[in-house]
Structures are given as C-alpha cells and as structure tokens.
Visitor: 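Please find one structure pasted underneath; my questions will follow.
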Protein chains: 2
Amino acid sequence: MNLKTAKLADVAKAAGVSTSLVSLVLSGKGSNRCSEETEARIKAAALELGYRANRLARSLKEQQTRTIGLLSIEVATSPYAGELLMAAQRSARSHDYDLFFVEVENNAKSIGEALELMAEHQVVGVLIAAFFHHEIELPERLPSNLVFANCFGSRGDYPTYVPAETASFMQSLKMLGISGHQNVAVIMEELPWPAAVARTETFKQAAQQFEWVDSARRMHFYADVNSNQGYEAAMKIMLEDPSVTAIACYNDRVAMGVYQALNELRISIPSQVSVVAFDDLELISGGLRPGLTTVRLPHYQMGREAVERLIRICEERDEETQKLVEIRGELVVRDSVSVPRPATESPFEASFSAPLQEKEEK
Amino acid sequence: MNLKTAKLADVAKAAGVSTSLVSLVLSGKGSNRCSEETEARIKAAALELGYRANRLARSLKEQQTRTIGLLSIEVATSPYAGELLMAAQRSARSHDYDLFFVEVENNAKSIGEALELMAEHQVVGVLIAAFFHHEIELPERLPSNLVFANCFGSRGDYPTYVPAETASFMQSLKMLGISGHQNVAVIMEELPWPAAVARTETFKQAAQQFEWVDSARRMHFYADVNSNQGYEAAMKIMLEDPSVTAIACYNDRVAMGVYQALNELRISIPSQVSVVAFDDLELISGGLRPGLTTVRLPHYQMGREAVERLIRICEERDEETQKLVEIRGELVVRDSVSVPRPATESPFEASFSAPLQEKEEK
DNA sequence: TCACATCAATCAAACGTTTGACCAGCTAAA
DNA sequence: TTTAGCTGGTCAAACGTTTGATTGATGTGA
C-alpha cells in the first residue's frame, strides 16, 4: 500500500502472461479465456504483490467513474448533520459507488465552484444536501444528474427529498388532539423557513380539526427561536394563559427551554402540561426528563433515498416521474404527553415534594 | 457541465493550435512559449467551450493526485461530528486538496477495506478521524502517509491529534478551585475510555492541588454515563452529601441531567451549587439556564491541524518530530459557576419564588 | 556569411487500464 | 481435405493529459 503499488504489468510479468490476460482474469470477464491453471497463477501473483487496480486509469479508459459528489451546505450548523452524511455514504458504498465530499457556504458562487471541481473529478452525479430544510442558491451551470436532500434548488426541476413537514408535525399534534387537549399553545419560528411556514400551517389545521380553543391567540412567534427563546415563551404562556394544558414546540431546542420554564414554575410534565416537539435530537429528546415526545427528522431516509435515486438516474434506470418526495418523520413517543388535567385545576399545583420524598425514603 | 465536457483537443481545434500548447497555456507553464495573441485565443476558446481539465487523466499522467482520504469512524454516534469534518474539508481545500470520504465501523476489517479503496483511488494520504476519543483497531497494511484525529491507532507510530484531556478539564476544575470551592463532587464515566481515565486523574490532581475535602469519596462513577445518569447521580450527591457546593461533570450531557436534578431539588445554579462540564455541545451548554461553563472540545482545531500535518507529510516537508499532539480545549465561561455559598447554608434554600415574582410583576 | 540564440509552436511518448481484434493449435464435423 | 469452432492466449489502440525533445522561422552578433 505504500507509495507504489504493483500494477498490471508487474502481475503479468510475475505470472508470465500478458497484461490483457491479467486484466481479464482479475475482472472476472475472462472466464473460459484461459486455463484454470493460468488463472490460479495470475490470482496468486496478484495476491502476492498486493495488486490493486488504479481507478484513475480504469475510469479514464472506461470513460466513467463510480463516484458521486456530495455537496454539503454548511454542514456544521447543525448537530446530527452526520446522519444524512452517513446514510449517503453507506447507500453509495452498498451500490459500489464512492463519495467525493465538498462542503461550502450557501451562495451560488461557492456552489458553482464546487460543482466545477466535481465535474473535473468526473463524478457521475451530484447530491446537494443541507442540514436544515431551506432553499439553495444555484449557479448557472448545473450537472444533469443532480438530486437534493433536505433542501431544494432555486432553479431547475430536480428530484428533491425533504421532510414531510406537515404530515410529520401533524403526528405530534394529533397525539395532543386524541389525548383530549383543547387548550394548546404553540411556540413557532417567525422567520419564513419552509419548516416554520409548514408547521405553522399544520398547527392551524390541527386546531381546526380538533376544535382547539382560542388557537389563533395561542400561536407565539419568535424570530430565530433556536436562540433560547423557548424559556421566555413558555413563561409568558403559562403566566398569562394558565388554562393551557399542552405546548407544541417548533423543535426540540425550543422544548428544552419550555421544560426549564415549566420546571421553575413547578408545573409538572406531563401531568399538568403536555409537551411535543419536532426533530428528535437524541441529545435533547432523550436527555430531558421526562423523555420528550417528538417527531424524528428523517435524515437517514433522506440521505439513503436521495442517493439511491441519484444512482438510478446515473444508470439511466430511473422510472420515477415524481420530483418532490416528502418523507414523513416517525413519531417518537416518550413520556411528555398525557391526557389533559381537569379543566378546573390550576397548572401551578404540581407537587414538587413527590420526587424528593421518594428519594428521602431510602 | 453536462455529460461530456470539452477536452483539450476540442479547445486546441477551436483555437487552431496543438493540445500541447493549450495545456501549457492553461496551466500557466507556457509563459513566453507562445505569443500573447495566441494565448488570448486559447483562453477565449477554453472559456467559450467551458473547458475543465479531466483530473483523472492529469493525475494519471502526473503520477499523483491532490486527494486525501478521510476515513471517518462511526461519524453518526456523535453530534457535532460535523465540525471536525468541516475543518478537515476546509483546510484541505485551502491547500488545493480534495477529500475522498469513507465512513466505516471501528473494526480492522472494515478499516482495511476502506484503506484499500482509498489506495485504489490513489489518495496521497489518509486522515483517520473518530468522533469520540478512542483507540482504532488497525489492519495489517497501512499507508505511509497517515494521521489520526480525535483517536489513535492500535499499532504504528503516526502523527496523532487528540484533545488535551487533562489540561482542558483542569481549566474547568481550576475555575471551581479559584472560586473557593472546597466541597466538589464529580460525576465520571466508569468505562475506560481515554477521556474518562484522563479526566478522573485530572480530578484527583485538582483535588490535591486545591485541598478539596473528601474528594475520594466524592467521585461518582457510572458505566455509560451518557445514558442519562447525570440526574440520578446529582440526586444522590445532593441528598446524601448536602455540603457539596460544586459538581464537575464528565460532559455536557451529564450536566444536563444534573441541572434537572438540581432544578427539582430547588437548588439554584450557581448560587447554591456550581456546575462545570466538558464538550461544549452548544445545543446543551447554550440551551441550559443558566448557561453552562464548560470546556470546548477542539474538534475544529484537531481537524485543521491534522490535515495540515498530513499535507506537509505528503509534500515531504514535515519537520515536526512530535507524534502525539494534544490540543487544549478552550474554557467557555457562561453562568454556572459562582463563589461557594457560605459553609453554614443548606443548599435546599434556593427560593423559587423569585423568578416567578419577577414575572408576575408586569 | 556563418553560428547561434530566441521565439512560437508541435511531436510523441507515457501514465495504467480495458477490450475488440487477432492468432496458433487442436478437435470434430462435413 | 476442408471448414468451423473451441481453447488459451496476445496485440494494439485508446482514454485525456503533461512535458522533454524537436523544429522551423527569425533575429543578431562576429
């Protein structure tokens, strides 16, 4: 493996045959073109010398690679970015494709340069992936074999795999609805990300469907809600509107703030107030107590399906006509939802002494 | 950019010159080998046709690529995996290198296959990166240009960039020490990960240095402490040993459980009990209230420095002799540490009504 | 006028692989 | 005896690029 690895000619010399035959035998295309004895000799020589084909030469000759470009937009801004990436990598490998990875910022110029670079490397197709669902500014020239995952292009009509925001969030909300909640508040992102727009709309639908009380008044918007505004929002909600029995959160991060507010207010989850969210960042949703009932963003599925579609396209056996594929996230039920407390009961009654006593007993 | 891009011969024909000259001009090596007029004509033709060099052919001819292999071990198990990856990618690009990405499980066989694959792609060097600090099982054959980031190999003596566990964690502990804390408990991982072993030792050193009381008794070990045991640990600590004024946590995730326990126990942070941790997962450390004072794992620096070292090695201009490089994480001071409460004061006095009243005033 | 430099450009080989065309020797059917 | 087919291989061209060697002008100094 060091510096120079053996080449076809070395194996051929060692086995006393031509390079052609070695190539044929090693690629399996030369069945019945040589004797078993020679075949064995060639294979032994290849093994002995640790021969590995030079993919550069092979691809040059064959006029195509088995490499796909993964163009990742601002990977680091999100935790769990890895999951889409991992899914893409594994799917590619399982089809014997390799991954050429470039990460850039979300602007047409950087993306254009990255695409040119990939073209130079003769990738057969490109997957553009982002780590939160948004629009990507595309340059003029685009490869024909292009698929989007967790984002969508500003131009063109390419296969696009995104989370089914509406259907997914609806699962969370339905959980509240069928549990009997009527007084549901929602803490939503105000900036017009696709996720925010869709989830807001979903809340309206759910409110109508389940006949939630005062739902219009109970929608609370914050710009850049990720920056810790869940706490303030929940404080405001519970203090100004104590009849609320459930809070739906834009995402897990918001829910984390909500938990802290409810904790401080001595409102117990879920017996006094139920909480649902979106994302399922295990670090949060599994780390909170009680565990957060939330919808898992389908990062893995988006990565896998986008790559498989891309490969089908590259191999010209894509029969799907649908461009936009929305993937529904799975509802992960933990312990943050229960039936609503009786309508007459104040939320400010959650006894805190209970867990304390439990512990003190022993 | 579609399917077939123009090649040297096309540009040559368009400009009415030989391919040699086009190559020379476009690579800048042909200064004063042709007239300015011809040079302009060639460049115009190249632009017109959207010519992009075929890197396969170039690398084959030049007998070397500018591609480095990034072998990532189990990327998805950690959030913020992206940061190391991003750092590696950006550093590589800034030196005009590209990244060939493979992600595998931590076993010698998978890693061996990935390395062979990279060798086939003629990478000039390999960076093996993991997303938590541990040992990597290596196969027999290893490339000569190999560097480790956030992990280390079971064999061989390769440049290795890891977090300075001791020096970093000591920053957190020193923060407690110089604030005057004497009764410090620690919640530590029991499994013998390098991080756990080193951080345990660091705690012992700090305890000795600052003359912490009963420190041996105040070390609490949990196997797989990431699975939410911070809560139970903190409960146990505060109920059995209420004189504790500060809790040092193995990592942010543990601190998250500690916060929840202290919240339930009505112990306020930091006025009654201070908390420090390790990792600085912004999702947690920035999302908790009050913000968690913790040490940032130097993912970005490890990625960057490892790649730059690797490139120096590949270009045979590496003058460093040191193999193991420990990178110190930065202490991120937020609001979870204060001076210890008076020795006579019980921790169970944090008034919860205060923030409630504040809010009710308006 | 000759030798020699310089300029502007071309030639041709090579990188490692793949693969259709070819070939020599043998057997079996026509 | 010819023909055809099989067995067990080899030959040589090609993929797109780079680059040392070469070349044919033109200019220049002795």
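Chain A is the first sequence line, chain B the second, and so forth, proteins listed ahead of strands; every chain is numbered from 1. From a predicted model like this one, the values you see are computed outputs, not experimental measurements.
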Visitor: Taking CD from A/E120 and P from D/dT17, how many angstroms apart are they, rounded to a whole number?
Guide: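 Rounded to the whole Å, the gap is 10 Å.
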
Visitor: Rounding to an integer number of Å, can you tell me how far A/R58 CZ sits from D/dG16 C1'?
Guide: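 Taking CZ of A/R58 and C1' of D/dG16, I get 18 Å after rounding.
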
Visitor: Looking at C/dT10, D/dT17, C/dT19, which one has an atom nearest to any side-chain atom of B/N54?
Guide: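 Closest nucleotide among those given: D/dT17.
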
Visitor: Any side-chain to backbone donor/acceptor pair from A/S91 onto A/A88? Under 3.5 Å, distance only.
Guide: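 Side chain of A/S91 to backbone of A/A88, a donor-acceptor pair under 3.5 Å: no, none is there.
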
Visitor: Relative to each other, are the rings of B/F131 and B/H299 parallel, tilted or perpendicular (30° and 60° limits)?
Guide: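 Rings of B/F131 and B/H299: tilted, 30 to 60°.
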
Visitor: Just compare C/dT17, D/dT18, C/dT10 and give me whichever is closest to any side-chain atom of B/L21.
Guide: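 Among C/dT17, D/dT18, C/dT10, the one nearest the side chain of B/L21 is C/dT10.
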
Visitor: Among C/dT10, C/dA9, C/dA14, which nucleotide sits nearest the side chain of B/S35?
Guide: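 Shortest atom-to-atom distance from the side chain points to C/dA9.
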
Visitor: Using a 4.0 Å heavy-atom cut-off, does B/T38 contact any base of the nucleic acid, only the sugar-phosphate backbone, or nothing at all?
Guide: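 Here B/T38 touches the backbone only, sparing every base.
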
Visitor: Out of C/dT18, D/dT17, C/dA9, which has the shortest distance to the side chain of B/K7?
Guide: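 My answer, after comparing the listed nucleotides, is D/dT17.
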
Visitor: Is there a donor on the side chain of A/R33 or the base of D/dT10 sitting less than 3.5 Å from an acceptor on the other?
Guide: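 Between D/dT10 and A/R33, which were checked side chain against base, a qualifying N/O pair under 3.5 Å is present.
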
Visitor: Between A/E37 and A/A57, which is nearer to the 5' end of DNA chain D once each is assigned its nearest nucleotide?
Guide: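 So the residue in question is A/E37.
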
Visitor: Looking at A/Q122, is its backbone amide N or carbonyl O close enough to the side chain of A/T65 to form a donor-acceptor pair, meaning the two atoms are under 3.5 Å apart?
Guide: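 Answer holds: yes.
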
Visitor: Taking for each residue the nucleotide of DNA chain C with the nearest heavy atom, is it A/E62 or A/L56 whose nucleotide lies nearer the 5' end?
Guide: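 Nearer the 5' end of the strand: A/L56.
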
Visitor: Please compare A/L24 and A/L60 by the position of their nearest nucleotide in DNA chain C and report the one closer to 5'.
Guide: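 Going by which nucleotide is closer to the 5' end, it is A/L60.
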
Visitor: D/dG8 C1' sits how many Å from A/K29 NZ, rounded?
Guide: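 Checked: the NZ to C1' distance equals 19 Å.
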
Visitor: Less than 4.0 angstrom between a side-chain N/O of B/S23 and OP1 or OP2 of D/dT18, yes or no?
Guide: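 Affirmative; the distance criterion is met.
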
Visitor: Think A/Q63 has a side-chain N or O under 4.0 angstrom from the OP1 or OP2 of D/dG16?
Guide: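 Result: yes.
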
Visitor: Distance-only, no hydrogens or angles: does the A/R155 side chain make a donor-acceptor pair with backbone N or O of A/E140 under 3.5 Å?
Guide: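 Answer holds: yes.
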
Visitor: With no angle test and no hydrogens, is the base of C/dT19 tied to the side chain of A/S20 by a donor-acceptor pair under 3.5 Å?
Guide: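 Such a pair exists between side chain and base.
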
